2 protein chains.
Amino acid sequence: MATPLNGTILKAFQILRLASFERPDISAQRVQSELGMNFATAHRFLVTLEEAGALISIRRGVYRLGPSVGKMGRLAESTTPHLEAIQPFLDALRARLNESVMLCRFSRAGPTCVAVALAERPITVAIRIGTTLNFLTSAQGRLWLASLEPWERDELLAGESHLVDRPGLEADLAAIRRDGVAQNYGDAEPDIAAVAAPIRNAQGDLLLTVAVFGPKTRFTSDFISMAAESVKRVAGDVEISLTR
Amino acid sequence: MATPLNGTILKAFQILRLASFERPDISAQRVQSELGMNFATAHRFLVTLEEAGALISIRRGVYRLGPSVGKMGRLAESTTPHLEAIQPFLDALRARLNESVMLCRFSRAGPTCVAVALAERPITVAIRIGTTLNFLTSAQGRLWLASLEPWERDELLAGESHLVDRPGLEADLAAIRRDGVAQNYGDAEPDIAAVAAPIRNAQGDLLLTVAVFGPKTRFTSDFISMAAESVKRVAGDVEISLTR
DNA sequence: TTTTCTAATCTCATATAATGAGATATATAT
DNA sequence: ATATATATCTCATTATATGAGATTAGAAAA
């Protein structure tokens, strides 16, 4: 890629990335010391970012991410691309495993089904596009939880505190991160099993989940092993195709 | 404000704001025609924004907001400032109305209580900081719904479709936008009433809600009228103090 | 209240980075 | 294979960003 990049813009985003949950405040002093920028330049960046709506001034010299960023973030999460291009991968996975396959994106209410390849068998499990799964009880939901920072997780699960076995969940999420795959065996629906893998972008952010699902009786341990291998392979193939 | 602003950064955010739910794709051609920018410059901005993580390339020449923006947006929504400065306003409102007062911020699960001033009466209603209210049934929730775009509202309410009387809700939200205040009278909790008003930033984005709440029996129509006036006044005062 | 100090904000000459015209590369349609 | 449209790249010129130093604002100390 030989197109020259605008250094000023890159610096602006470096500054925005200084904000964290633990330390949301951004000041010119902090920009100076953490990014090695001249103080007056840092101040000008902050004032500009305020004017652009990205930051708000909470007191003289101190800024935080503003609501416009929140709005833009919600839009980003609602407009995940590439669905048309991914359908052939879902179809191939369905053919290989002879079970239904679905693709989910993130939503605040839980992983939301955005594409499906239904098994071509007389008895099968179906799901409607647009269905939102539960974070805690679905394989996809656990993949998302495993990808989030603890504070984000806490926030998402705020309404379900009474349902959460914390040490069990943390152990489960650690295993998911280690294995790169998540399962459920009747947790979300009594007779349904699923095996799900993450699809990430070049920066390592979780974009989507791909999962095979079907009647529990058909998910023998041999099938689950094969399915885990297959969904991970397909997820990897989708990731490669997304970087084109 | 005489600090010069960085025009390059302002342009970058103009570009990002081209993305919408109906039209999430951003191309150099679109930047050229909608913002009057030279094609090569527009292309360079897009490539830079991709490198900065704000955009992802979905195919040659076409970009969308990326997951990093989503992450930043979630952080923005979790780190609302000013709470310490607002407490005296809550205390004054409580003294004036002799009922409890609470401040709520936005969260995906619903308006979340971030500050309280409890009524100094023997019989009162209490709420714990951190409590999340329901979007549909709380006055604060309806204020938030009234401030959102239809697609955002639909997304938030996705899990509650069966509960939503759409024409009734739209009429209610239109009235809330017109009046600048929202009420609930036993909708969220059977014996609790509340009157809530929005606190906005300089750009008009809803930051927080301030509400008075208490036992339904004490919320006579005279009291509700007076409370509506008072919460709106306090909300305005808070807004002025936020611009300092 | 006044004074002092520190950090934030502002100004402007200079340096550097951004711009845009035009060349080149790529993908698609024929 | 060729033609066309659009995306990507290059580089001389121009415009904008930078940073040193001056000024201002606000908080703390006397």
Side-chain angles (χ1 to χ4, degrees), chain A residues 1-16 18-19 23-52 54-64 66 81-82 84-85 202 240-244, chain B residues 1-16 18-19 23-52 54-64 81-82 84-85 88 202 240-244:
Chain A
M1 187 82 75
T3 298
L5 304 176
N6 282 354
T8 303
I9 298 172
L10 293 178
K11 285 180 203 161
F13 279 90
Q14 271 188 294
I15 289 171
L16 292 178
L18 289 179
R23 193 173 177 189
D25 289 354
I26 306 180
S27 64
Q29 233 191 3
R30 187 174 171 202
V31 173
Q32 180 182 41
S33 63
E34 296 188 25
L35 301 180
M37 200 182 285
N38 168 275
F39 197 97
T41 301
H43 169 69
R44 184 168 46 242
F45 267 90
L46 295 177
V47 170
T48 299
L49 286 167
E50 186 189 16
E51 178 68 26
L55 295 178
I56 55 170
S57 167
I58 62 171
R59 64 183 178 271
R60 191 174 183 245
V62 183
Y63 300 79
R64 287 193 186 187
H82 309 312
E84 328 84 52
I240 289 165
S241 83
L242 294 186
T243 58
R244 194 119 15 159
Chain B
M1 187 82 75
T3 297
L5 304 176
N6 282 353
T8 304
I9 298 172
L10 294 180
K11 284 181 203 159
F13 279 90
Q14 272 188 297
I15 289 171
L16 293 178
L18 289 179
R23 194 175 177 189
D25 289 354
I26 307 181
S27 63
Q29 232 191 1
R30 187 172 171 206
V31 174
Q32 179 183 39
S33 62
E34 294 187 28
L35 301 181
M37 201 184 283
N38 168 275
F39 197 98
T41 301
H43 169 68
R44 184 167 46 240
F45 268 92
L46 295 177
V47 169
T48 299
L49 287 166
E50 184 189 19
E51 178 68 27
L55 294 178
I56 56 170
S57 167
I58 62 173
R59 62 185 179 269
R60 191 173 183 247
V62 184
Y63 300 81
R64 287 192 187 191
H82 311 307
E84 327 84 53
I240 289 165
S241 82
L242 294 185
T243 58
R244 197 124 8 170

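Hydrogens, waters and symmetry mates play no part in the numbers below; they use all other heavy atoms, side chains included. In this text the structure is predicted, and so the values were computed from the model without any measurement. Below, chain A is the first sequence line, B the second, and so on; all start at residue 1.
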Task: Nearest-angstrom distance from the residue atom CG of A:Leu10 to P of D:dT18 - done: 12 Å
Task: Comparing B:Ala40 and A:Val62 on DNA chain C - which has the more 5′ nearest nucleotide - done: A:Val62
- [ ] Indicate yes or no: at least one non-hydrogen side-chain atom of A:Asp25 is less than 4.5 angstrom from one of A:Arg64.
- [x] yes
Open item on the list: I'd like to check A:Tyr63 versus A:Ile56 (side-chain heavy atoms, cut-off strictly below 4.5 Å). Are they in contact?
Closed with: no
Task: d(CZ, A:Phe39; C1', C:dC10) in whole Å - done: 13 Å
TODO: Can you tell me the distance, in whole Å, between the CG atom of A:Asn38 and the C1' atom of C:dT11?
DONE: 13 Å
Write out a two-atom table: protein N or O, nucleotide N or O from nucleotides 11-17 of chain D, distance below 3.5 Å.
| unit_1 | atom_1 | unit_2 | atom_2 | d |
| --- | --- | --- | --- | --- |
| D:dA17 | OP1 | B:Gly7 | N | 2.8 |
| D:dA17 | OP1 | B:Thr8 | N | 2.9 |
| D:dA17 | OP1 | B:Thr8 | OG1 | 3.2 |

TODO: Rounded off to whole Å, could you give me the OH-to-C1' distance for the A:Tyr63 and C:dA7 pair?
DONE: 12 Å
Task: A:Gln32 CD - C:dT6 P separation (whole Å) - done: 15 Å
Please tabulate the protein-to-nucleotide N/O contacts below 3.5 Å involving nucleotides 22-26 of chain D, giving atom names and distances.
| unit_1 | atom_1 | unit_2 | atom_2 | d |
| --- | --- | --- | --- | --- |
| D:dA25 | O4' | A:Arg60 | NH2 | 3.3 |

TODO: Locate the shortest heavy-atom distance separating A:Leu16 from A:Ala54; write the atom from each residue and the value.
DONE: CD2-CB, 4.1 Å
TODO: Could you pull out all residues at least two apart from A:Ala42 that satisfy side-chain contact (heavy atoms from CB on, under 4.5 Å)?
DONE: A:Ala28, A:Val31, A:Met37
Open item on the list: Just to be sure I understand the rule, does A:Ala28 reach a base, reach only the sugar-phosphate, or reach nothing, if contact means heavy atoms closer than 4.0 Å?
Closed with: nothing
TODO: Could you check how far CD of B:Glu51 sits from P of D:dC9, rounded to whole Å?
DONE: 13 Å
Task: Side chain proximity check, B:Leu46 to B:His43, heavy atoms < 4.5 angstrom - done: no
Task: Separation of B:Leu35 CG from B:Ile26 CD1 (nearest 0.5 Å) - done: 9.5 Å
- [ ] Measure from CG on B:Leu46 to P on D:dC9 and round the result to the nearest Å.
- [x] 13 Å
Task: Candidate pair B:Phe13 and A:Phe13, rule ring-ring contact (aromatic ring centres under 6.0 Å, His included), full reasoning - done: CA-CA 11 Å; B:Phe13 279 90; A:Phe13 279 90; 5.7 Å; yes
Open item on the list: If you define the side chain from C-beta out and look only at heavy atoms, does anything of B:Arg44 sit under 4.5 Å from A:Asn6?
Closed with: yes
- [ ] Look at the side-chain N and O atoms of A:His43 and state whether any lies under 4.0 Å from the OP1 or OP2 oxygen of C:dT9.
- [x] yes
Task: Nucleotide C:dG20, atom P - distance to CE of B:Met37 in whole Å - done: 8 Å
Open item on the list: Strictly below 4.0 Å, N to O, side chains only: are B:Glu34 and B:Arg23 in salt-bridge contact?
Closed with: yes
